Amino acid sequence: MMAPPAIRTILGAEVRGLWNRLVKRGATRLVVLGALLAVAIVVIGGAVFSLGDAAAQFLPMARDAMLAGGFTALSVLMLVVGFPSVIATFFVGRDLLQLVLAPVRPVEIFLARAVLAMTANLLISGILIAGVFGVGVGSDASPVYYALALLLVFVIVMVVTSFQVMVMSLIIRWVPARIARDFAAGVAALVGVGFYLTWNVSLRRSFGASRVPDFSNLAAFAQRTDWLPSAWPGHALSAVIAGDWSSAIVWTLFCLAFGVMLVGAAGILYQRTLLAGLGLFGGGQAVWKRAPARRPKSMASGAGSPARAIARKDWLGYRRDIRRLSRLLPALLFPVGYALTLIRPSRTLNGLWSDVAVAAFISMFVSMALAVPSIPSERRGFQLLRMSPLAMSEIIRVKVALTLPPVLALTMLLTIAMAVVGGVGIAELLQLLVLVIWLVIGFVSVGVSAGAIDPNFEAADDRRAVGLLGTMTSTGGAIAFALLSIGAFALFHLGAAAATGARLGPLPSTPAVAALIAGAGALLAAAAGALVVVLLVVANSRLRAYEGAISST
Amino acid sequence: MAASMNPTAVEARTLVKQYGATRAVDGVSFQVGRGEIFGFLGANGAGKTTTLRMLCGLVSPTSGQALIDGFDIHGQPLEAKSRLGYLDEEPFVHPHLTGREFLEYIADLYRMPRGPERQRRMERLLRLFELADRDGELISAYSHGMRQKIGLASLLIREPSVLLLDEPTNGLDPRSARLVKDLLEELAARGTAVLLSTHILEVAQALCRRIAIIDRGHIVATGTMDELRAQAGSEHASLEDLFLKLTAGPESRELIERLLAPNS
């Protein structure tokens, strides 16, 4: 009997492994996961589809720019988001060592791995497919359009994946071994942030203070990038919509030829660097070479402090773990981007409420980025904390206390900047700052709790350090806390207005009404506080009961 | 009971651990006295690590009690943990710290007084384990044996009265392995209770005053070498022979013959 081809064997083992992992999760988790996925597909896919449909109908002249820009934007997203997956699939993993030792040709390893690596990018491309189909429906496109769209999305995924392999192969050749992987992840993250900020600034200029949006900046930005190969599928599809079949065929052939060229080049480069890559990545984690540590001062006295020990360890870890740093940088840069985009006179809100919305969003974003992984990022070292004479509540308290200062500093800085730009008065600025302090304490507590409720100490990086339940808790908890807190803030404002005799629509402005409104505000604030306390208590109890196996990886 | 008055340093009282339908540990009981090195042997998957993890509080028992110096590790965890040092077969370390920083971290975590005495002790340990010259090198760059050494040093820096060690000589070169064995004997002589889990039966036979053998979650024999021989009915048997006899499966010779038989 003939042995099955190596590619089928490799993929079969991966599929079997995936299946086993899914089955191990249990029926309930699978159903919840499936339901969430279905909701996400309907909500996100539906929204993007509707957007594409509406844009194609109302801006027929911009269809080509939209499609080309959409393909480019998704390519950048895949390039950044999918990069760690590509690195892991092609260059990391002890199973690769097994494949290299087996009588399997490198090209077979490359092709099998390419299929695996593409699955992550294919998931992301689902968003693009929804948008492209929306544009098709809004343009009354022929069935050929949809078939070609699927083919071209597949090609662009292949192109992006191959490009990532090529970049990594080149990095392996030129960048010192010990920092190659982290260097690549850092570059990808910064490129992504750069594109995102440029995009945000274009959007900001499009939706300025005037009542009519001005899309010229956005269109100019899209035009500046439409020569990129990632835009070619968009040109092919817009040609199909316009009935220009010859252009459509030429652009499609360009795409296919470019795809084949890139896959071929990536395959050749990969074959040449496979062993080098395994040499670099098959071993321990990449580290910076560093100067000998300064000896701690021997004259320090007093009892050792666990809080100080954890703080110092976390600080050193962040400084030296380039992978964590490369994840953290975008999280810190994004709020600056948001602030740039959102700091402007609002058409619908007065300055204070516009700033409340932005401050709430920024504090939530930064808190979640720093607080949620703070406990799971202990990884195997968490067992040291469990074995030490420290109560779990103390560990949670320390993590909250350590996460608060950077989040508070960044959020307050941006809030003050917004208030100054928006011309908010001193009294209102002080109110804003009190709200920000309240929000940051709440968000950080919610984030740390969520990480403690569902930690994955075996995860190799922070993005996978929290499970589904933790992610849902952090998102749901933060949104609920924000709504309750901002609701309370609004009621306090309304109560203060009632007390000064200001007009409140149908409500009479009397001291009794003012007290009633302020009381309702206090209730909401208490509910927000109670939510945080409940989450902290649950987190404490979950950590105390935690006994999941922590592997040696 | 006051800890210092208690002659028993470690006590497992009918420990049971159930994972779904599987009973990984089934009614394990034993005691380790002060100054005793107690061997804990078993085949792969017999329940050794689960028992050790129950004793050090990383895993909650389904039923039963684990006492360290008389303190229930789950009922009075802080008191018990401050007296206990556990070394996993893959030591828990922070890869982005240097060895010295890691020892500082552990010392602070256990609230050891800072100052010259602590520094001197740290230096002595780093020199003892030949890690002093590795200053500036992160633990992530350490070999397995070096991680094992820094793991041991992190236990010894705080002088626990009870040591639970899971394969402490795993990955160590012969010189370092000998050092660890001598160290354990010296610590036991000074009153430290050592519970040693190992696959290296020669180490167990040489070091341990008493030995327990666990098989499929049950303790099948406990005692000194002579007592084990008596239990197995083999007067001059080595620990290896006793172990194989007490954890009876098909004889290896029989298995090899079956494997190599034509048309097997």
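Here the structure is a predicted model, which is why all the values come from computation and not from measurement. Below, read A as the first sequence line, B as the second, and so on, with proteins coming before strands; counting in each chain starts at 1.
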Exercise. Going by an N to O cut-off under 4.0 Å, is there a salt bridge joining A:Arg380 and B:Asp88?
Worked result: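 The answer is yes: the pair qualifies as a salt bridge.
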
Problem set entry | Taking every non-hydrogen atom, the tightest pair across B:Asp108 and A:Gly304 |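 Closest pair (atom of B:Asp108, atom of A:Gly304, distance): OD1-CA, 3.1 Å.
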
Exercise. What heavy-atom pair brings A:Pro306 and B:Leu109 nearest, and what distance separates the two atoms?
Worked result: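 In this case the closest contact between A:Pro306 and B:Leu109 is CG-O, 3.7 Å.
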
Exercise. Taking it one step at a time, do A:Met387 and B:Tyr110 satisfy side chain to side chain contact (heavy atoms under 4.5 Å, CB included)?
Worked result: CA-CA 10 Å; A:Met387 288 189 298; B:Tyr110 284 77; 4.2 Å; yes

Taking the side chain as every heavy atom from C-beta outward, state whether [X] and [Y] have any atom pair closer than 4.5 Å.
X: B:His94; Y: A:Leu384; result: yes
X: A:Lys313; Y: B:Phe102; result: no
X: B:His96; Y: A:Leu316; result: no

For this session: With a 4.5 angstrom heavy-atom cut-off, could you sort out which part of A:Ser305 is near chain B: side chain, backbone, both or neither?
Result: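 A:Ser305 touches chain B through backbone heavy atoms alone.
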
Problem set entry | Spacing of B:Arg111 atom CZ and A:Leu390 atom CG [to the nearest 0.5 Å] |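 The CZ atom of B:Arg111 sits 5.5 Å away from the CG atom of A:Leu390.
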
Exercise. Chain A heavy atoms under 4.5 Å from B:Ile106: which part of the residue, side chain, backbone, both or neither?
Worked result: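 Contact with chain A is through the side chain of B:Ile106 alone.
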
For this session: Heavy-atom distances under 4.5 Å only: say whether B:Arg118 touches chain A with side chain, backbone, both or neither.
Result: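 It is the side chain, since no backbone atom gets that close.
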
Exercise. Does CZ in B:Arg134 sit with more than 12 non-hydrogen atoms of other residues, nucleotides or ligands closer than 6.0 Å?
Worked result: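 No - once you tally the heavy atoms of other residues, nucleotides and ligands closer than 6.0 Å, there are 12 at most.
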
Problem set entry | Over 12 foreign heavy atoms within 6.0 Å of CZ, A:Arg544 |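 Count not over threshold, so no.
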
Problem set entry | salt bridge (charged side-chain N to carboxylate O under 4.0 Å, His left out) partners of residues 10-24 of chain B, not counting sequence neighbours, each pair once |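 Non-adjacent pairs meeting salt bridge (charged side-chain N to carboxylate O under 4.0 Å, His left out): A:Glu547-B:Lys17, B:Glu11-B:Arg13, B:Arg23-B:Asp26.
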
Problem set entry | Set of ring-ring contact (aromatic ring centres under 6.0 Å, His included) partners for B:Phe129, sequence neighbours left out |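 Applying ring-ring contact (aromatic ring centres under 6.0 Å, His included) to B:Phe129 gives none.
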
